[in-house]
Amino acid sequence: MDLSTLNDKQKEAVEKTDGPILVLAGAGSGKTRVLTTKVAYLINEKEIDPYNVLAITFTNKAAKEMKERIFKMLGPVAYQIQISTFHSLGLLILRQHYSLLGFDKKITILDSDDSLTIIKKIIKDMNLDPKIYNPRSIRNKISSAKNELLDSHSYSRFANNEYEKIVTEIFSRYERKTKTNNSVDFDDLLILPIKLFRENPDVLDSYQERFKYILVDEYQDTNEAQYILIKMLSSKYQNICVVGDIDQSIYGFRGANYRNILNFEKDYPNAEVVKLEENYRSTANILNVANDIIKNNKKRKEKILWTKNENGLKIKYHRAYDEKDEAHYVGGEIKKLLEIGTPKSEIAILYRTNAQSRNMEEELLAENIPYKVVGSFYFYNRKEIKDLISYLKLIYNSNDDVSLMRVINVPKRQIGPKTIENIALKAADKGTSMYEAIDSGKELGFKLLIEDIKRQSEDLSLTEIVDLVLDKTGMKKELEKEKTIEAEVRLENLEEFKSITKNFEENNGIISLEEFLLEISLVSDVEEHKNNNDVITLMTVHAAKGLEFSYVFIIGLEEGLFPHFNSIASSEDLEEERRLCYVAVTRAKKALTLVNAKRRMLYGKTGQNPPSRFISEIDKKYLDSDEKEEVHIDKEEMIDKNATYNLGDKVVHDKYGEGLIVGIGTVLTIAFSHKYGIIKIMKGHKSIRKVE
């Protein structure tokens with residue numbers, strides 16, 4: 001088999017076939033190539049039966065890619081190799097030995113929504129308040145416990161208060177319910193094979209005899225259950241090859257334990273270690289920056305990425321004035337790239353939190369640059385944002401039936417579809433809006449809630465109205481109680497919406513709810529570019545792992561944002577943030593731009609955070625910084641009280657361009673281009689200038 005295309009270290013990793021081997025594969029070092037070539041080498045050169053080879057990875061996509069590559073090298077014999085995810089391996093074992101675990105043959109697999117439905121039913125049967133015993137939160141607790149190999153009996157030992165004792169009882173009932181239904185959830189696909197092997201040593205031995213050669217990809221991402229399962233399968237022959245990179249371990253919040261890869265040599269004392277440090281993806285300057293950042297982590301194995309590629313451009317560093325300026329700068333740089341013919345698909349904007357996408361989305365929309373948001377919904381199309389906007393529309397116009405139907409039962413108020421249908425029929429009979437037709441029942445409570453918000457919002461600012469809606473309706477409280485990653489993201493998005501309202505109030509002088517709703521309807525009505533692959537990619541750094549782009553922009557590099565403020569107090573969490581930054585940097589092939597802002601409005605609050613510590617960890621010789629002295633702007637001086645205007649005056653706005661004054665009152669009514677239309681702005685606002 002020809003291995004001449006491999007470098008020396010890659011070749012060493014492939015040819016070492018007997019005994020344990022740890023392949024520390026740096027970003028862009030060709031780890032997938034090594035894994036697939038090693039499988040082919042085992043079969044072609046070492047004449048290992050394909051039936052005796054097991055290759056495991058984390059996602060169906062990665063498993064599919066591995067199968068395709070091995071098929072190209074081996075042909076149809078590749079189909080005899082067990083190439084799968086951890087969960088599909090678990091399902092294979094479970095289906096072959098279901099009776100030993102007390103199941104019937106026709107096992108059904110529960111997805112997360114199915115599990116949630118069962119937990120909701122249990123909570124209802126126990127007459128518990130779902131606001132206190134949040135179903136999603138409890139589902140996540142059960143899942144976390146299972147991945148630590150705890151059943152309800154084991155979990156009960158840690159139940160030291162009334163709440164945890166109730167959770168234990170729900171856990172126990174959940175176990176009984178799934179067993180009665182002959183069903184398993186995704187966690188069971190990892191837990192049950194371990195239970196099977198522990199209770200049936202002969203079954204374990206049969207799998208050890210089958211899978212004499214085991215290869216595991218992304219080993220740094222294994223959780224406790226995955227770690228134990230692999231250790232049991234490999235313990236007899238110890239022909240195990242794990243490939244991974246401690247510096248790219250970024251899924252601690254999902255239960256991944258980076259210590260598994262650090263402890264590999266303790267688990268297998270005769271293990272050999274091969275470091276893949278030659279990078280084929282990035283320029284030398286990009287790798288120098290990555291090395292400078294990651295070397296500050298203490299819990300890692302020493303590894304320095306290098307490349308034969310050219311030095312390339314220095315890494316651009318731009319410190320913007322605020323988040324709008326940040327988006328404008330990145331948009332301008334992208335326009336330059338597009339003007340020289342750069343494919344849009346080769347450009348990515350990375351950020352730490354989903355909420356940061358909004359300003360970039362608005363900038364790209366304004367410049368008519370197509371984009372896609374990966375791993376998230378378009379900001380204005382996210383459920384929680386649409387719900388909030390519907391509440392605002394209902395406050396403004398109670399006759400808006402569409403908005404009423406959307407939020408009358410958000411959060412849950414036990415107003416079901418039948419009730420809503422009856423309201424609609426009553427309204428049709430009376431010839432009124434649904435809101436006017438409401439006169440009794442739980443729906444009357446909703447109507448009184450809206451009336452109360454209307455009264456209280458009369459003298460409030462836009463941002464204060466949003467706060468009032470979030471609090472009074474219970475939207476915020478419901479998400480806070482959920483205590484899940486998904487709920488935290490939704491809360492962040494709702495808080496970020498306040499940045500939009502404050503922007504209108506402070507920078508544009510737009511002051512009425514009517515004007516605000518009209519303005520955002522223009523933005524939110526734009527069709528997302530779903531089917532076009534030649535688009536700019538916006539994504540969180542977590543979503544970017546495993547991908548690469550020629551041109552990468554990392555935005556929001558400030559203390560408290562990246563690294564995130566939730567991580568700064570813990571050295572362990574901070575190291576994961578640094579690994580996250582390392583992953584972000586190593587996505588870039590040709591050019592990398594780092595951006596932050598001197599002041600930032602996020603979640604409706606303006607803060608002035610210092611630059612991220614990760615910037616200071618980079619040797620300045622690798623940076624091309626255009627940082628300038630900050631220009632101080634006094635908010636109290638944003639209004640020129642002496643400014644005078646006449647109907648028909650031409651003006652220029654900082655954002656909207658040229659316009660014509662068509663109305664004068666306490667505010668100016670200005671007609672801008674068709675793109676922006678009629679906008680009201682405070683008289684004398686410094687964003688507008690008269691054209692003489």
Side-chain angles (χ1 to χ4, degrees), residues 314-337 349-353 355-367 369 379 462-463 495-510 519 523 536 538 552-565 592-616 618 620 623-640 652-657 676 681-682 684-689:
K314 283 189 174 185
I315 279 60
K316 282 188 181 179
Y317 171 47
H318 178 77
R319 188 146 167 74
Y321 174 67
D322 59 14
E323 73 282 356
K324 291 288 184 186
D325 185 31
E326 175 185 64
H328 185 64
Y329 168 78
V330 173
E333 292 297 297
I334 287 174
K335 280 172 72 178
K336 291 177 189 175
L337 289 172
I349 303 168
L350 308 182
Y351 37 81
R352 177 63 180 83
T353 67
Q356 289 170 261
S357 75
R358 181 185 60 80
N359 284 301
M360 279 311 321
E361 290 181 48
E362 291 188 356
E363 176 67 27
L364 295 175
L365 282 169
E367 296 295 338
I369 299 173
F379 187 84
L462 288 171
T463 306
E495 290 295 311
E496 176 59 7
F497 191 84
K498 290 191 287 187
S499 296
I500 303 173
T501 57
K502 281 203 172 182
N503 181 59
F504 278 100
E505 293 167 332
E506 294 180 3
N507 298 332
N508 299 315
I510 299 175
E519 178 70 8
V523 178
I536 308 297
L538 279 69
V552 170
F553 296 83
I554 307 174
I555 63 174
L557 278 161
E558 299 137 37
E559 286 292 299
L561 187 54
F562 198 3
H564 199 275
F565 67 87
L592 173 68
T593 303
L594 310 177
V595 194
N596 54 25
K598 291 169 182 162
R599 61 197 295 275
R600 180 180 298 276
M601 186 190 292
L602 195 65
Y603 314 137
K605 295 178 182 176
T606 298
Q608 296 185 354
N609 294 328
S612 168
R613 68 190 68 194
F614 305 144
I615 298 289
S616 64
I618 301 168
K620 297 299 180 284
L623 294 180
D624 176 12
S625 175
D626 63 358
E627 187 173 2
K628 298 179 178 66
E629 290 298 315
E630 182 170 356
V631 178
H632 179 70
I633 296 178
D634 187 345
K635 280 188 185 177
E636 292 182 5
E637 295 180 0
M638 288 299 287
I639 303 296
D640 179 2
V652 174
H653 186 276
D654 291 346
K655 176 180 177 182
Y656 306 123
Y676 296 109
I681 298 177
M682 285 182 175
H685 198 274
K686 286 293 182 69
S687 62
I688 55 173
R689 302 179 304 281

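These values consider heavy atoms only, across backbone and side chains, with no hydrogens, waters or symmetry-generated copies. Just so it is clear, the structure is predicted and the values come from calculations on it, not from any experiment.
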Do Ile349 and Ile536 have side chains that get closer than 4.5 Å, going by heavy atoms? yes

Hey, does Thr353 have a side-chain heavy atom less than 4.5 Å from the side chain of Phe562? no

Checking side chain to side chain contact (heavy atoms under 4.5 Å, CB included) for the pair Tyr351/Leu561: CA distance, chi angles, key distance, verdict? CA-CA 9 Å; Tyr351 37 81; Leu561 187 54; over 6 Å; no

Is it the case that the side chain of Thr593 and the backbone of Lys316 share a donor-acceptor pair, with hydrogens and angles ignored and the cut-off at 3.5 Å? no

Between Lys335 and Ile369, what is the shortest heavy-atom contact and its length? CG-CD1, 3.9 Å

Do Leu594 and Ile618 make a side-chain contact, defined as non-hydrogen atoms from C-beta onward lying under 4.5 Å apart? yes

Does the distance from a Lys or Arg side-chain N to an Asp or Glu carboxylate O, for Arg358 and Glu361, drop under 4.0 Å? no

Using side-chain heavy atoms (C-beta onward) and a distance below 4.5 Å, is Glu363 in contact with His328? yes

Check the pair Gln356 / Ile555 against side chain to side chain contact (heavy atoms under 4.5 Å, CB included), numbers first and verdict last. CA-CA 8 Å; Gln356 289 170 261; Ile555 63 174; 4.1 Å; yes

Rounding to 0.5 Å, atoms NZ (Lys314) and OG (Ser625) come to a distance of 10.5 Å

What distance separates Asp325 CG from Arg319 CZ, expressed to the nearest 0.5 Å? 11.5 Å

Could you check whether any side-chain heavy atom of Asp322 comes within less than 4.5 Å of a side-chain heavy atom of Lys598, counting everything from C-beta outward? no

Kindly compute the distance separating NZ (Lys502) from CG (Leu462), expressed to the nearest 0.5 Å. 11.5 Å

Working for side chain to side chain contact (heavy atoms under 4.5 Å, CB included), residues Glu326 and Arg600: CA-CA 9 Å; Glu326 175 185 64; Arg600 180 180 298 276; 2.8 Å; yes

Is Glu323 salt-bridged to Arg599, going by a charged N under 4.0 Å from an acidic O? no

In terms of ring plane angle, is the pair Tyr329 and His318 parallel, tilted or perpendicular, where the classes change at 30° and 60°? parallel

If only atom types and distance count, is the side chain of Glu362 paired as donor or acceptor with the main-chain N or O of Asn359 below 3.5 Å? no

One pair to check against side chain to side chain contact (heavy atoms under 4.5 Å, CB included): Asp624 and Ile315. What are the steps and the verdict? CA-CA 6 Å; Asp624 176 12; Ile315 279 60; over 6 Å; no

Checking the side chain of Asn596 only, and the main-chain atoms of Glu558 only, is there a donor and an acceptor separated by less than 3.5 Å? no

Can you find a heavy atom in the side chain of Leu350 that is under 4.5 Å from one in the side chain of Val552? yes

Would you indicate whether the side-chain heavy atoms of Ser616 and Pro611 approach each other to under 4.5 Å? no

Ile615 and Lys620 have their tightest heavy-atom pair at O-NZ, 3.9 Å

